[in-house]
Amino acid sequence: MPEKNTLSNKERMKIARTHMPEQDAELRSHNFEEVNQGITELDARVEASRCIGCGKPGCVLQCPVGVKIREVVDLIYAGDYLAAAAKMREDNALPAITGRVCPQENQCEGGCIVGKKGEPIAIGNLERFIADYERNSGQLGLPQNDAPSGKAVAIVGSGPAGLSAAGDLIQKGHRVRVFEALHELGGVLVYGIPEFRLPKTIVKGEVDNLRKMGVEFETNVIVGKSVTIDELMRDEHYDAVFVATGAGLPKFLGVAGEHLNGVYSANEFLTRVNLMRAYKFPDADQPVYDCRDRNVIVVGGGNTAMDAVRTARRLGAKTATLVYRRSAEEMPARAEEVKHARQEGVEFRMLTNPEEFLGDEKGWLTGARCVRMELGEPDASGRRSPVEIKGSDFILPADLVIIGVGTTANPLVQSTTPDLKTTSRNYILADPETTRTSKRGVFAGGDIVTGGATVILAMGAGRKAAAAIHDYLTTGEWETAPKETAAKS
Amino acid sequence: MFKIVEARSVGFKIKQFVIEAPRIARKQQPGQFIILRLHENGERIPLTIKCSDPEAGTVTIVVQSIGKTTTLLNCLETGDYILDIVGPLGHPSEIANFGTVAILAGSVGTAMALPTAHALKEAGNHVVFIEGARNTEMVVFEQEVRDASSETYIMTDDGSYGEKGLVTKKLNDLLADGRKIDFVLAVGPVPMMRAVSQVTAPLGIKTMVSLNSIMVDGTGMCGGCRVLVGDKSKFACVDGPEFDASTVNFEVLMQRNAMYRDKECESLKRFEENKEKELAQVRAQFANEETHNA
């Protein structure tokens, strides 16, 4: 292939989108190996040749971190994968991760002009390809850091927002230390997203890259308990703090029977299986409910619910059923996850809502009393709101119910930082552009400000925070009164 | 990794560890706990903090061998390491001058009650400490209990030491003698805490219990430790661990604590069969670390 694409746009549009090879659905529904196997070098170049190099690339505009996708695609076409990866890394500290978990259909690929007439360029697959290529080559294109600034930044939380901010700030020459409450780094990337979607070695690899760039990490520190924000600034001499603690508290339904044995939050179920590796029990010590030959229900329609139901399937569930109160169209989960779940034999019961969990005399779950729903008028989210159909109750037998209907803010930082203003729902108030909070030197971003969102949006917030923190550390200027932003319920 | 600077046996299958953990030592207050993990495939378990020394940067924990992790932990000695420790977790105990305070603690619960007893005594309370244990070998920290209280009673189930009977027997006796008790703290097995609550609730004596529900992260993230308090669901890790006993649903707590019993037994049995090998593996991870650092 030549270095420059000599095909006409018409010819480029005729090339079919390459497909991501997947592990066989039956096989993978019994293991925790990654579903997507990655595309080949040839596929990557063919895919890159489909790009028509449009003048105003919608892909870049719709990327929350503004990756220079067109230039990256050109470098892939030219076969210079390491340069492509380095270009990617200028804007995205975690390409191997976002290539796997971004909802590309709503972002870069959603903005792709080729997609208007046919299928968009498979940008996610390309991103994953170059990140994996770079990792396997052992020749990391780590950016050069600026000269030391003499300033220090503490980052609270090692999830996508924190890691992304760390990557940008270290390049600006600041000392950066990331504090993590759990024993492993990565936040939701390690406790939430399962191995079969995002192998832990990938997260570890990206964290190690940041470490090589000079970022310091300290696990087992709960800011708000082990140390406060004020102590970090006063006693440990941090000039700025970025709070990226996420929306970690699970929501329950508040219906009867939620205390029965066998009812889990998705956070608990996934934490046990992912972070604590309970799927290896008894080789790993932390147990999880034995799903083998059991009926499992997962409540919710987002990525977390999808992760939980597919995990239950892999743990040997006889039936793994997703119960969602709206219709399939309103499900917020990534399209690919829904497709994969269907292939793996997950049953979908749309327009269904549990009203009560039923148990035996020993306190173990036996089933869920559900009602059928229909769609009414649009609600605040713009989606048609589900309305209960009276008298449509029925009982769904269940040995395990996993509730994945969203999360709320963890209050530990807010409750120990008196001058940090919060919303009525206890999310941190921060300016959406600068991520500045009501407290001088303290910035906040990601789910702790917006409510539960996506990995890439959190990374976008991390980048904004890094830019604003650098600005503050350079100028010493601080504007007060952050604008009120409404966190999602 | 966290170094064990002192490990010693303090009773039958009960061991006390002094561990280097400067951040926790600086912040710990009575009533709080830690969560630890021993090796890469280890589980996270919550444990009582007995005391801490901010100057030396150490925390002291007391561990009774019950399941796999506590049994493995109790095989560790001075100079060994603990992979992960996080804390201090939970709200501290409420310390005020209530008047006369009765503290009822079962065996290893004594360790958790000690710092609170100290603080309550310093706050001007008359502290009546009733320590209960199965037998004489399980009576722990007697002298420290006496130092932390104004009045001390030791009860054993079999009468092999102190008085024979449960801690609630002594509490009932004191109340029958007309002793006025203004506040009660109970720390121990769930049936014991429930029994205390059954004595004090009808009399309207404010009673706090320190709940030991099953936890994973300890930061409010998983909800596994949820307990029914009043009609509300509360997380023992972040809302507790102490709750007003009269509002706690002890039945649900006991049910939930039994959730993994089969697996816990399986795990312990497997460990007993491979004890030396697993212990060597735990130590090996730090041997590598030390060489690496050197």
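Within every chain, numbering begins at 1; the chains are lettered A, B, ... in the order of the sequence lines, protein sequences first and strands thereafter. Since the model is a prediction, treat every value here as computed from it, not as a measurement.
Contact annotation for E40(B): both backbone and side-chain heavy atoms come within less than 4.5 Å of a heavy atom of chain A. Contacts of L36(B) with chain A are absent, with no heavy-atom separation under 4.5 Å from either backbone or side chain. Within the 4.5 angstrom heavy-atom criterion, no atom of E180(A) approaches chain B. The contact between L260(A) and chain B is made entirely by backbone atoms, counting heavy-atom distances below 4.5 Å. For K68(B), the part lying under 4.5 angstrom from a heavy atom of chain A is the side chain only. Only the side chain of R37(B) comes within contact range of chain A, judged by heavy atoms closer than 4.5 Å. The contact between L412(A) and chain B is made entirely by side chain atoms (from C-beta outward), counting heavy-atom distances below 4.5 Å. For F269(A), no part lies near chain B; criterion is any non-hydrogen pair under 4.5 Å. Contacts of R270(B) with chain A are made by side-chain atoms alone, with heavy-atom separations under 4.5 Å and no backbone atom involved. Heavy atoms of L228(B) lying under 4.5 Å from chain A belong to its backbone as well as its side chain. For S226(A), the parts lying near chain B are the backbone and the side chain together; criterion is any non-hydrogen pair under 4.5 Å. Residue L38(B) does not touch chain A at all, counting heavy-atom pairs closer than 4.5 Å. Heavy atoms of V263(A) lying under 4.5 Å from chain B belong to its backbone as well as its side chain. Looking at N410(A), only its side chain comes within 4.5 Å of chain B, counting heavy atoms on both sides.
Heavy-atom minimum distance, R226(B) versus E258(A): NH2-O, 2.6 Å. Heavy atoms only, all atoms of each residue included: G224(B) and E268(A) are closest at CA-OE1, 3.0 Å. Nearest heavy-atom pair, T219(B) versus A181(A), reported as atom, atom and distance to 0.1 Å: CG2-CB, 4.4 Å. Here the closest non-hydrogen pair linking R23(B) and E218(A) is NE-OE2, 2.8 Å. The shortest heavy-atom contact between K362(A) and Q255(B) is O-CG, 3.5 Å. When every heavy atom of G90(B) is checked against every heavy atom of K225(A), the shortest pair comes out as O-NZ, 2.9 Å.
Ranked by non-hydrogen atom pairs under 4.5 Å with chain B, the options G254(A), P287(A), G363(A) are led by P287(A). Note: P250(A) leads A247(A), P250(A), S265(A) in heavy-atom pairs under 4.5 Å with chain B.
Within the 3.5 Å criterion, the main-chain N or O of M221(B) finds a donor-acceptor partner in the side chain of N267(A).
I85(B) places none of its side-chain heavy atoms less than 4.5 Å from the side chain of N220(A). Counting heavy atoms from C-beta on, the side chains of T228(A) and K27(B) come closer than 4.5 Å. Put simply, the side chain of C222(B) does not reach to within 4.5 Å of the side chain of Y191(A), judged on heavy atoms. Here the side chains of M259(B) and W364(A) are in contact, with some heavy-atom distance below 4.5 Å. Using a 4.5 Å cut-off on side-chain heavy atoms (C-beta onward), L89(B) and I222(A) make contact.
A perpendicular orientation is assigned to the rings of F252(A) and F235(B), their planes being inclined by more than 60° (bins at 30° and 60°).
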